[in-house]
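Report on the following structure.
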There are 2 protein chains.
Amino acid sequence: MVTLAEVAQHAGVSASTVSYVLSGKRSISANTRQRVERSIRELGYHPNAGARALASSRSNIIALMIPLRTDMYVPVMMEIAIAVATAARTHGYDVLLLTGEEGPDAVRRVAGSGLADGMILMDVELDDERLPLLRATDQPSVLIGLPADTTGLTCVDLDFRATGALCVEHLAKQGHQDIAVIGEAPAVYERHTGFAERTLDGLRSRSRELGVRLLHRPCEGGYDAMAVTLARILDERPDTSGIIVQNESAVEPLLALLRQQGRAVPEDVSVVAICPDQVATQASVRLTSVAIPAQEMGRHAVEHLVAKFEGRGSDEVVLLAPELTVRGSTGPAPTRP
Amino acid sequence: MVTLAEVAQHAGVSASTVSYVLSGKRSISANTRQRVERSIRELGYHPNAGARALASSRSNIIALMIPLRTDMYVPVMMEIAIAVATAARTHGYDVLLLTGEEGPDAVRRVAGSGLADGMILMDVELDDERLPLLRATDQPSVLIGLPADTTGLTCVDLDFRATGALCVEHLAKQGHQDIAVIGEAPAVYERHTGFAERTLDGLRSRSRELGVRLLHRPCEGGYDAMAVTLARILDERPDTSGIIVQNESAVEPLLALLRQQGRAVPEDVSVVAICPDQVATQASVRLTSVAIPAQEMGRHAVEHLVAKFEGRGSDEVVLLAPELTVRGSTGPAPTRP
DNA sequence: ATAGGTTGTCGAAGCGCTTCGATACCGAAT
DNA sequence: ATTCGGTATCGAAGCGCTTCGACAACCTAT
């Protein structure tokens, strides 16, 4: 293991000089810099992370807390995680992966040990138990998702209220009067995950404004659950002509069921999905959808966090504007007989 | 930030004593231990990770390198990652998330800086460029996946050869004579990802032994690609009665297409999938499948790595035995007219 | 009673780096 | 010629922890 001191000796300078070459915090003559850089290369020197962290009290690590559950929007989580890791590297940070399992303890542990310089929390619930701690410690952090009370916090999320509104608008504009919403699994609502409730909010208030009828039903993923849910919906509102789905694992079952019942998409029923683009384009029908901008969310989160490290950056809530992409699954409402 | 020294003072002992209470490396009287533990609790002490790493030259961090691509078996990757993180915690380790992006450089960086005590590599290619480096440095590591040359390496993977064999056997036993394999995207084979080729190997050799006809076709995910692939297969081998799918994102499209063509599963066509259980159980038909034991792989990898840290543990290749679960999608071959 | 072992605790020496004066040198301004 | 400000470098003091050797204090076997 090559040390700073060895590099210094090899280059014929003092250790501090090498350190300054590395950090650029003091000016170094071009000549010296080159000699040092050459020695670094020749010896294959890599600064020791622990020593660095100890001396500078900065670890250059960002902790990312992802939910333990693998039952929900997994690809989105993964995409965010990868975006975070990638973005972090471009700023010189590495990412520490924490699972939600430890809950608040993880926050304490990371903040207390100086393991990470700050953290990014995913899957934030409306009244998340990690938040008080986050406010108490001065641990810089960014949430992906929106809790009920955002004071003193920085949050990044898709504007799910607007997303809901956008979906309703799109269908209403095409003349649909009876719209059904197939939501996430009941557990998601019971857990009071913010995004689900906010979407619902947007859906409801916009449909009220536009005077269309809206029926919301939670739904577990999978074919069977979807079959039951769809049957109930059509039973209760036989005139349903527009469906909004916010549950990736219900998308394909829904399409299969509609096909099976002889309901053509989009001639008889229009379908709008809230899901990653990949799901929308790979489905058996190209789906009109509002994408979840996972990459962008990850990147934003990192950039806000890094800004905090550098003293710039304030507490704020960033809601990314939803974009609805029209594909083949929506069209004008059928004229009633 | 509370330090060891402060705890020591508060408890009226020396710093080293506190350290030994924490590590248990020397015996401490029950009395002293309790006083120290009490002080730790009262002061809310957390050992500083950097200082610890520096002094002990152990970071208690495991680096996990996941592929950057999000186009392939994402849920499996995620499940492995979470299993790794969870298992690591039970051994007192945290997980550092590296994306494949940096490639070999990441290996150098991590090994050189002492950032992590060891690493787990996912998505290993047959002739992976990170392997020479891994062999060169004495960085403890475990691969998830199997490269061409495993000398000096520890690997954990599903036994994909046996998996392929198992699928063929199951279908052959039910009288199927013409079996089609819907594989991963062509890019996966071009990249020489080990698991895809090994599966194919197992499929081919077993079908030769059993005297059944096998047709393999790579396939991009999604409905359209699947439609084309299926049409070609049925064109070339109209008597195909068994289908083996190894591409999660082709599963649902395949089922939809079969349904659409009036081919009943399993009466006309039997389908075996190689995919996570979740996919198999949530599909529109309960699928007979060989599961990819993501959790187990992650856990194994961590345990082997930790064993290496502790001096136990040797280089070896662990191939997990596949298990085929019979669900509703396979049955006896139809009798030919 | 004495040598020899245990057991429990302490002090001090680092681990490899950053960072803060201090110092030495230079050219420019007086 | 003298002073000043800037630039380039060095030395030393830590950062908070682990770990080793030393040393009491005590117990046991002679």
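Note that these values count all heavy atoms, side chains included, but never hydrogens, waters or copies made by symmetry. Residue numbers begin at 1 in each chain, while the letters A, B, ... track the order of the sequences.
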Donor-acceptor under 3.5 Å (A:Asp117 side chain, A:Ser59 main chain)
yes

Side chain proximity check, B:Thr99 to A:Arg89, heavy atoms < 4.5 angstrom
no

Measure all distances between protein nitrogen or oxygen atoms and nitrogen or oxygen atoms of nucleotides 8-12 of chain C, and list the pairs falling under 3.5 Å.
from	atom 1	to	atom 2	distance (Å)
C:dG8	OP2	B:Ser27	OG	2.6
C:dT9	OP1	B:Ser29	OG	2.9
C:dT9	OP1	B:Thr32	OG1	2.1
C:dT9	OP2	B:Ser29	N	2.9
C:dT9	OP2	B:Ser29	OG	3.3
C:dT9	OP2	B:Thr32	OG1	3.3
C:dT9	O4	B:Arg26	NH1	2.8
C:dC10	OP2	B:Ser14	N	2.8
C:dC10	OP2	B:Ser14	OG	3.2
C:dC10	OP2	B:Thr17	OG1	2.4
C:dC10	N4	B:Arg26	NH1	3.4
C:dG11	N7	B:Ser16	OG	3.4
C:dG11	O6	B:Ser16	OG	3.2

Walk me through it: do A:Leu143 and A:Thr150 pass the test side chain to side chain contact (heavy atoms under 4.5 Å, CB included)?
CA-CA 10 Å; A:Leu143 315 188; A:Thr150 64; over 6 Å; no

Pairing residues for B:Arg299 by the side chain to side chain contact (heavy atoms under 4.5 Å, CB included) criterion, not counting sequence neighbours:
B:Ala87, B:Glu296, B:Glu303

Candidate pair B:Leu22 and B:Arg52, rule side chain to side chain contact (heavy atoms under 4.5 Å, CB included), full reasoning
CA-CA 12 Å; B:Leu22 252 30; B:Arg52 213 165 221 201; 4.1 Å; yes

May I have the distance from A:Leu4 (atom CG) to C:dC17 (atom P), rounded to whole angstrom?
4 Å

Return yes if a side-chain donor-acceptor contact under 3.5 Å exists between A:Ser29 and A:Asn31, otherwise no.
no

Neighbours of DNA chain D within residues 54-62 of chain A, by heavy-atom distance under 4.0 Å
A:Leu54, A:Ala55

May I ask you to verify if any side-chain N or O of A:Lys25 is less than 4.0 angstrom from the OP1 or OP2 atom of C:dT19?
yes

Does any N or O in the side chain of B:Ser113 come within less than 3.5 Å of the main-chain N or O of A:His46, such that one atom is a donor and the other an acceptor?
no

Any side-chain heavy-atom pair of B:Ile80 and B:Ile66 under 4.5 Å
no

At 4.0 Å (heavy atoms only), tell me whether A:Thr3 reaches a base, stays on the sugar-phosphate, or touches nothing.
sugar-phosphate

Round to a whole Å and report the spacing from CZ of A:Arg52 to C1' of D:dG14.
18 Å

Any residue of residues 37-48 of chain A with a heavy atom less than 4.0 Å from an atom of DNA chain C:
A:Tyr45, A:Pro47, A:Asn48

Got a list of side-chain donor-acceptor pairs under 3.5 Å for residues 4-11 of chain B, not counting sequence neighbours?
from	atom 1	to	atom 2	distance (Å)
B:Glu6	OE1	B:Thr3	N	2.7
B:His10	ND1	B:Ser39	OG	2.8

Residue pairs meeting side-chain hydrogen bond (donor to acceptor under 3.5 Å, both in side chains), one or both in residues 130-139 of chain B, sequence neighbours left out, come to B:Asp128-B:Arg130

